[in-house]
Undergrad: 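First the structure, which I've put down as structure tokens, then a few questions once you've had a look.
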Amino acid sequence: MRVLLSKGVKMGLERKFLDWDRPLVDWAREFLLAKSGGAADLEKTLVVVPTRQAGRRLRDALAFACAERGISLFPPLVTTPAFFLRPFDTEREASALLTQAVWAETLCATDVKRLGALFPVAPPAQDWNWALRMGARIQALRETLADGGLGLSLVCERKTDALQEPERWRDIAALERAYLKRMETTGRLDPCSRKLNRSLNPERPADIERIVVIATPDPTRLMVQALETLAKSMPVDILVYAPGTLAEAFDAWGRPVPGIWRARRLEIPDVANNLALAGGPTDQARRVVELAKAGAWGPADLAVGAPDSELTPYLAAAFEREELRVY
């Protein structure tokens with residue numbers, strides 16, 4: 001098994017490059033079973049994969065390999081990046097309904113004239129219905145920022161020209177402070193604040209002594225923050241599905257470095273046979289199905305990438321006519 005290593009920038013963090021000459025699931029299986037003797041004891045390993053389907057394929061591959069070798073398998077905990085964001089203790093976290101109610105109460109009690117940047121024109125009626133709609137919009141903004149590891153206060157503190165209409169951001173942040181103060185009176189915790197706090201102070205999963213992240217090229221900022229903390233107390237392996245010669249094209253977390261990939265030329269071998277031309281979306285979808293049927297692949301071996309989302313329904317319909325399910 002050829003695995004090229006590259007030390008990460010964080011304590012306990014290490015990148016490992018898996019070449020493109022074999023299916024990823026084969027590399028991942030061999031990596032996890034590399035030190036197995038009479039049994040594959042992976043119970044103390046947490047494996048992160050990009051999707052639940054990837055997790056199912058990996059678990060199947062591990063089970064089949066151990067059966068062929070005649071050894072016992074104590075499987076790892078296989079999960080997706082969302083694992084690091086889920087609350088381990090939900091009893092004190094505010095529900096979506098309570099969050100809506102607190103936002104509505106906050107907005108109804110706010111003097112919108114003092115928030116002229118956010119409300120240059122006062123609402124026709126500062127009633128409960130208006131407050132529910134406005135609160136939902138602000139909460140959706142907070143959730144989007146939290147997924148990127150940011151809070152409203154942090155956005156306002158950043159000195160950057162990219163921040164448009166800073167006065168409006170400051171008004172929203174003032175509303176957030178009022179909302180959080182009112183939430184405290186309920187005895188519950190705000191979900192967005194908890195999400196940010198969990199990423200900075202993640203709870204170490206029980207009995208887990210090692211984390212392996214497999215081919216997850218777009219981890220959320222919250223996941224990265226959580227792993228940065230966990231890497232200080234346990235080994236974290238980042239498996240990158242690319243040859244080691246491209247090490248500089250990926251950062252410490254296996255994320256592609258945009259500047260390098262923008263300048264990279266994609267070489268298509270045997271252009272005459274590997275580049276197929278078709279007209280409209282119907283012809284393109286039909287041609288893709290023809291190519292898929294001509295190859296010696298099973299449905300689980302084939303991935304189709306559509307750079308234009310409008311082509312997707314045509315592709316799905318073409319495959320469904322062949323009784324092949326697509327995702």
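Here the structure is a predicted model, which is why all the values come from computation and not from measurement.
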Undergrad: May I ask you to test the Leu311-Gln284 pair for a side-chain heavy-atom distance under 4.5 Å?
TA: yes
Undergrad: Would you kindly confirm whether Trp20 and Leu239 end up in one hydrophobic cluster when ILVMFWY residues are joined by side chain heavy atoms under 4.5 Å apart?
TA: yes
Undergrad: Is the shortest side-chain heavy-atom distance between Leu246 and Val240 below 4.5 Å?
TA: no
Undergrad: For Val48 and Phe83, what are the C-alpha separation, side-chain angles and deciding distance, and is it a side chain to side chain contact (heavy atoms under 4.5 Å, CB included)?
TA: CA-CA 9 Å; Val48 183; Phe83 174 86; over 6 Å; no
Undergrad: Are the side chains of Trp130 and Leu107 in contact, using a 4.5 Å heavy-atom criterion?
TA: yes
Undergrad: Indicate yes or no for a side-chain donor-acceptor contact from Trp128 to the backbone of Ala104 under 3.5 Å, with no hydrogens or angles considered.
TA: no
Undergrad: Are Leu291 and Val289 in one and the same hydrophobic cluster, where Ile, Leu, Val, Met, Phe, Trp and Tyr link if side-chain heavy atoms are under 4.5 Å apart?
TA: no
Undergrad: Just verifying a value: how many Å separate Met223 CE and Asp218 CG, rounded to the nearest 0.5 Å?
TA: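 Going from the CE atom of Met223 to the CG atom of Asp218 covers 9.5 Å.
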Undergrad: Take a 6.0 Å sphere around CZ of Arg221 and say whether it holds more than 12 heavy atoms from other residues, nucleotides or ligands.
TA: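 Atom CZ in Arg221 is crowded, with more than 12 foreign heavy atoms closer than 6.0 Å.
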Undergrad: Please report the shortest heavy-atom distance between Pro256 and Pro217, naming the atom on each side.
TA: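 Residues Pro256 and Pro217, closest heavy atoms: CD-O, 3.5 Å.
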Undergrad: Salt-bridge test for Arg188 and Glu93: reply yes if a basic N is under 4.0 Å from a carboxylate O, no otherwise.
TA: no
Undergrad: Taking all non-hydrogen atoms of both residues into account, name the closest pair between Ala306 and Thr312 and its distance.
TA: CB-OG1, 4.3 Å
Undergrad: Mark yes when over 12 heavy atoms from residues, nucleotides or ligands other than Phe119 sit less than 6.0 Å from its CZ; otherwise mark no.
TA: yes
Undergrad: Determine whether a donor-acceptor pair (N or O, by modelled atom type, separation under 3.5 Å) exists between the side chain of Trp27 and the backbone of Asp19.
TA: yes
Undergrad: Determine, using the 4.5 Å side-chain heavy-atom cutoff (strictly less than), whether Leu58 and Ile71 are members of one ILVMFWY cluster.
TA: no
Undergrad: Are Lys16 and Glu14 ion-paired here, with the side-chain N under 4.0 Å from a carboxylate O?
TA: yes
Undergrad: Quick check: do Glu30 and Arg22 have side-chain heavy atoms less than 4.5 Å from each other?
TA: yes
Undergrad: Going from CG on Leu324 to CG on Leu302, what distance comes out if it is rounded to the nearest 0.5 angstrom?
TA: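 Separation between the atoms: 9.0 Å.
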Undergrad: Checking salt bridge (charged side-chain N to carboxylate O under 4.0 Å, His left out) for the pair Asp283/Arg286: CA distance, chi angles, key distance, verdict?
TA: CA-CA 5 Å; Asp283 291 336; Arg286 177 182 53 78; 3.7 Å; yes
Undergrad: Can you tell whether the side chains of Asp237 and Arg15 come within less than 4.0 Å, N to carboxylate O?
TA: no
Undergrad: Ile238 and Ala252: which non-hydrogen atoms are nearest, and at how many Å?
TA: CG1-O, 3.8 Å
Undergrad: Do Phe31 and Ile208 belong to the same hydrophobic cluster, where Ile, Leu, Val, Met, Phe, Trp and Tyr are linked whenever their side-chain heavy atoms lie under 4.5 Å apart, directly or via other members?
TA: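 They do share one cluster, since a chain of ILVMFWY contacts under 4.5 Å joins Phe31 to Ile208.
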Undergrad: Rounded to the nearest 0.5 Å, what separation is found between the OH atom of Tyr241 and the CG atom of Leu18?
TA: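 Between Tyr241 OH and Leu18 CG, I get 8.5 Å after rounding to 0.5 Å.
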Undergrad: Write down the atom of Ala131, the atom of Cys108, and the distance for their closest heavy-atom approach.
TA: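 Taking Ala131 first and Cys108 second, the nearest heavy atoms are CB-SG, 3.7 Å.
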Undergrad: Considering only NZ, NE, NH1 and NH2 on the basic side and carboxylate oxygens on the acidic side, decide whether Asp111 and Arg114 come within less than 4.0 Å.
TA: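 No, this pair does not count.
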Undergrad: Regarding Lys293 and Glu290, does a basic nitrogen lie under 4.0 Å from an acidic carboxylate oxygen?
TA: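 No.
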Undergrad: Does anything in residues 69-80 form a salt bridge (Lys or Arg N to Asp or Glu O under 4.0 Å)? List the pairs, not counting sequence neighbours.
TA: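 Counting only pairs at least two positions apart or across chains, no salt bridge (Lys or Arg N to Asp or Glu O under 4.0 Å) contact touches residues 69-80.
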Undergrad: For the side-chain contact (heavy atoms from CB on, under 4.5 Å) test, which of Val25, Val78, Leu33, Val47 pairs with Leu62?
TA: Leu33
Undergrad: Does some side-chain heavy atom of Leu152 sit less than 4.5 Å from a side-chain heavy atom of Leu141?
TA: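 Yes, their side chains come closer than 4.5 Å.
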Undergrad: Could you state whether Ile138 and Leu145 fall into the same hydrophobic cluster, counting links through intermediate Ile, Leu, Val, Met, Phe, Trp or Tyr residues with side-chain heavy atoms under 4.5 angstrom apart?
TA: yes
Undergrad: Using 0.5 Å steps for rounding, measure from the CD1 atom of Ile172 to the CD atom of Glu167.
TA: 11.5 Å
Undergrad: Mind checking the CE-CH2 spacing from Met134 to Trp103? Nearest 0.5 Å is all I need.
TA: 10.5 Å
Undergrad: Using atom types as modelled and distance alone, determine if a side-chain donor or acceptor of Asp251 lies under 3.5 Å from a backbone N or O of Arg255.
TA: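 The answer is yes, because a donor-acceptor pair under 3.5 Å joins these two groups.
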Undergrad: Start with the C-alpha gap between Leu32 and Leu42, add the side-chain angles, then the distance that decides, and say whether side chain to side chain contact (heavy atoms under 4.5 Å, CB included) holds.
TA: CA-CA 8 Å; Leu32 292 171; Leu42 299 172; 4.2 Å; yes
Undergrad: Given salt bridge (charged side-chain N to carboxylate O under 4.0 Å, His left out), test Lys195 with Glu143 step by step and report yes or no.
TA: CA-CA 9 Å; Lys195 184 184 291 188; Glu143 290 171 356; over 6 Å; no
Undergrad: Checking the side chain of Gln126 only, and the main-chain atoms of Val112 only, is there a donor and an acceptor separated by less than 3.5 Å?
TA: no
Undergrad: Should Gln225 and Thr220 count as side-chain neighbours, where that means a heavy-atom distance under 4.5 Å?
TA: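 Side-chain contact under 4.5 Å: no.
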Undergrad: Could you go through Trp169 and Leu118, starting from their C-alpha distance and side-chain angles, then the distance that decides it, and tell me whether this counts as side chain to side chain contact (heavy atoms under 4.5 Å, CB included)?
TA: CA-CA 8 Å; Trp169 283 99; Leu118 182 60; over 6 Å; no
Undergrad: Rounded to the nearest 0.5 Å, what's the gap from CD on Glu176 to OG on Ser193? Could you check?
TA: 6.5 Å
Undergrad: Taking the side chain from Thr216 and the backbone from Val213, do they hold a donor-acceptor pair closer than 3.5 Å?
TA: no
Undergrad: Search all heavy atoms of Thr45 against all heavy atoms of Pro76 and return the closest pair with its distance.
TA: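 Looks like O-CB, 3.3 Å.
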Undergrad: Within the structure provided, determine whether Asp171 and Arg168 are in side-chain contact (heavy-atom separation under 4.5 Å).
TA: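 They are not in contact (no side-chain heavy atoms under 4.5 Å apart), so the answer is no.
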Undergrad: Would you please name every residue forming a side chain to side chain donor-acceptor pair (under 3.5 Å) with Asp207, sequence neighbours left out?
TA: none
Undergrad: Mind checking what makes side chain to side chain contact (heavy atoms under 4.5 Å, CB included) contact with Phe74, not counting sequence neighbours?
TA: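 Partners of Phe74 by the side chain to side chain contact (heavy atoms under 4.5 Å, CB included) criterion, ordered by chain and then number, come out as Ala39, Asp41, Glu43, Ser72.
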Undergrad: Starting from the C-alpha separation in whole Å, work towards a yes-or-no answer on side chain to side chain contact (heavy atoms under 4.5 Å, CB included) for Arg57 and Gln53.
TA: CA-CA 6 Å; Arg57 293 195 66 187; Gln53 173 67 5; 4.0 Å; yes
Undergrad: Looking only at non-hydrogen atoms, find the nearest pair between Phe319 and Ala292 and report the distance.
TA: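 What the structure gives for the nearest pair is CE2-CB, 4.1 Å.
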Undergrad: Side-chain contact test, heavy atoms from C-beta onward, threshold under 4.5 Å: evaluate it for Met183 versus Thr99 and give yes or no.
TA: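 Touching, per the 4.5 Å side-chain cut-off.
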Undergrad: So, the side chain of Ser95 versus the backbone of Leu98: is there a donor-acceptor pair under 3.5 Å, distance only?
TA: yes
Undergrad: Which label fits Phe250 and Trp261: parallel for a plane angle under 30°, tilted from 30 to 60°, or perpendicular past 60°?
TA: perpendicular
